[in-house]
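When a ligand or atom number is given, it counts from 1 through the structure's own listing order.
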Amino acid sequence: MSEMAKLQLGDRQLELPVIEGSEQEHAVDISALRAQTGYITIDEGYVNTGSTQSAITYLDGENGILRYRGYPIEQLAVNCDFVEVSYLLIYGELPTRQQLDEFRQKLRRHTLLHEDMSAFYDGFPRDAHPMAILSSTVSALSTFYQDSLDPRDDEQVELCIYRLIAKLPTIAAYSYKKSIGQPFIYPQNNLNYCQNFLRMMFAVPCEPYEIDCDFVDALNLLLIVHADHEQNCSTSTVRMVGSSNANLFASISAGICALWGPLHGGANEAVIRMLEDIRDNGGNVKKYVDMAKDKSSKVRLMGFGHRVYKNYDPRATIIKDVCNRLLKKRNIPDPIFEIAQELEEVALSDDYFIERKLYPNVDFYSGVIYRAIGIPMDMFTVLFAMGRMPGWIAQWLEMHRSESKRIARPRQIYTGEKERQFKPLDQR
Ligand code: ACO
């Protein structure tokens, strides 16, 4: 018989089943709590609440471990390309050569955007944030591709998956081209995923464009380390929207909005703004760390801290290493990288950060690589969204295929006024 937890409520005792995961994580199953007692639980920010059981990503924040479908992120980062990792996340196993070829082929067939969609870009102000364009355009895919909207039809869902992964780089690159007034560059399907994206971003029709393989490798790695991170804010949003049986385009569009926030994916942009601010104010790292410790300043060290990691984020380790190698190999001196390393050193030896177990997260060094590649700052979070796409899709699929799927609908404890009588306007 499995372990039971006992809950004492007044003179009543309730037995609650304990669930154990494959890595010996434990949870108290409270699904019968309200029916049996009338009580609910409260957990603002879901700090202690598991929203689901999932077989996709394992994360041990105390020991800095991250695995997709059981494979350590460090192994995937050196052995795979992003499309292969996408297949792993979505279908649960590493593909055979034939499966991978077929998957690549299907993605290649869907890279183009419907021509009428380019008119959308004319409607956005030129200085619109590309994350706003991304979420709007992904949502608009559901108007152009109405043959892939039914979440209960496996073939439609499959088609929707190819469309999303294949079109996201095109949508993203178009938003950049629009912002700088250059013509859109169509995808070229003999190129791989990252090559194609870089070409659509940086090529112009009047000149030949040579794809830089160091940048392709760095981008590929960045996309892999962002590909999934279990029940984070944007993924939970994708699941929540999807739980109402909204289509996959709509669910992903909502996830993109959640990712945009500076406490989540938007932190990569905020980190570079912070580092530039430090540089422009004389490079005094210690002063900035002191400000971040002072609660009245409202300043936080962006790219530091994580809800789950209470150790060095393994993704940050990988990214810092790539950063080091890329900048050295290409001889790109970047004072921002130097300030970042200094900031990390000062923070990691400071009691405030030690006591709270605040370490660099995935966003701390990623922006330095994006800068080296030439990607503008407001596109950083867009790149995060491109990386996170297979994770969002895998989590959405897992939810839909779960026998226990229900609409996500939390409860609350009401703390407002008790019933009172309406007063007409002239008596208030
Ligand atoms: N700088 C200074 N202090 C911090 C920081 C930080 N970056 N992060 C947390 N703290 C402090 C808090 O003030 C709090 O201190 P207290 O106990 O004295 O009140 C303590 O550490 C715990 O912080 P919480 O905000 O309760 O932690 P939570 O888990 O809710 O938040 C979060 C995690 C949002 C990531 C937070 O660490 C943060 O704001 N970091 C900066 C933004 C950032 O880098 N976000 C990207 C995260 S990775 C991702 O989403 C892809």
Which atoms of ligand 1 have any heavy atom of [X] under 4.0 Å away?
X: Phe384; value: 51 (C)
X: Met302; value: 42 (C), 44 (O)
X: Val362; value: 51 (C)
X: Ala267; value: 43 (C), 44 (O), 45 (N), 46 (C)

*Consider every N or O of Gly303 and every N or O of ligand 1, then say whether any pair is closer than 3.5 Å.*
yes

Minimum-distance protein heavy atom relative to [atom]:
atom: atom 47 (C) of ligand 1; value: Asn361 ND2, 3.5 Å
atom: atom 41 (C) of ligand 1; value: Phe304 O, 3.4 Å
atom: atom 50 (O) of ligand 1; value: His264 ND1, 2.8 Å
atom: atom 3 (N) of ligand 1; value: Tyr352 OH, 2.8 Å
atom: atom 20 (C) of ligand 1; value: Arg356 CD, 3.8 Å

Can the ring centroids of [X] and [Y] be said to lie less than 6.0 angstrom from one another?
X: Tyr58; Y: Tyr68; answer: no
X: His229; Y: His264; answer: no
X: Tyr365; Y: Phe337; answer: yes

*Thinking salt bridges, do Glu15 and Lys6 make one under a 4.0 Å N-O criterion?*
yes

*Flag the pair Asp290 and Lys293 as a salt bridge only when some basic side-chain nitrogen lies within less than 4.0 angstrom of an acidic carboxylate oxygen.*
yes

*asked:* Using the rule salt bridge (charged side-chain N to carboxylate O under 4.0 Å, His left out), only one of Arg330, Arg325, Lys328 pairs with Asp214; which is it?
replied: Arg330

Regarding [atom]: of the candidates [options], which has the closest heavy atom?
atom: atom 35 (C) of ligand 1; options: Ala270, Pro262, Gly305; answer: Gly305
atom: atom 24 (P) of ligand 1; options: His306, Arg300, Arg307; answer: Arg300
atom: atom 8 (N) of ligand 1; options: Val289, Leu358, Leu263; answer: Leu358

Non-hydrogen atoms of [X] versus ligand 1: any pair closer than 4.0 Å?
X: Ala292; result: yes
X: Lys295; result: yes
X: Phe364; result: no

Answer with side chain, backbone, both or neither: which part of [X] has a heavy atom less than 4.0 angstrom from an atom of ligand 1?
X: Leu301; result: both
X: Val47; result: neither
X: Asp363; result: side chain

_Glu398 side chain to Ala55 backbone, donor-acceptor under 3.5 Å_ = yes

*Would you tell me whether Gln195 and Gln188 have side-chain atoms, one donor and one acceptor, within less than 3.5 Å of each other?*
no

*Answer yes or no for atom 18 (O) of ligand 1: protein heavy atom present at a distance under 4.0 Å?*
yes

_In the complex you have, is atom 22 (C) of ligand 1 within reach of the protein, judged by whether a heavy-atom distance drops under 4.0 Å?_
no

*Relative to the ring of Tyr91, is the ring of Phe103 parallel (under 30°), tilted (30 to 60°) or perpendicular (over 60°)?*
perpendicular

*What class does the angle between the rings of Tyr193 and Phe82 fall in, given that below 30° is parallel, 30 to 60° is tilted and above 60° is perpendicular?*
tilted

*When rounded to the nearest 0.5 angstrom, what is the spacing between CD in Glu20 and NE2 in His26?*
3.5 Å

*Considering all heavy atoms of both residues, which atom of Tyr174 and which atom of Phe184 are nearest to each other, and what is their separation?*
O-CE2, 3.3 Å

_Using the rule side-chain contact (heavy atoms from CB on, under 4.5 Å), only one of Ile73, Leu89, Asn232 pairs with Thr57; which is it?_
Leu89

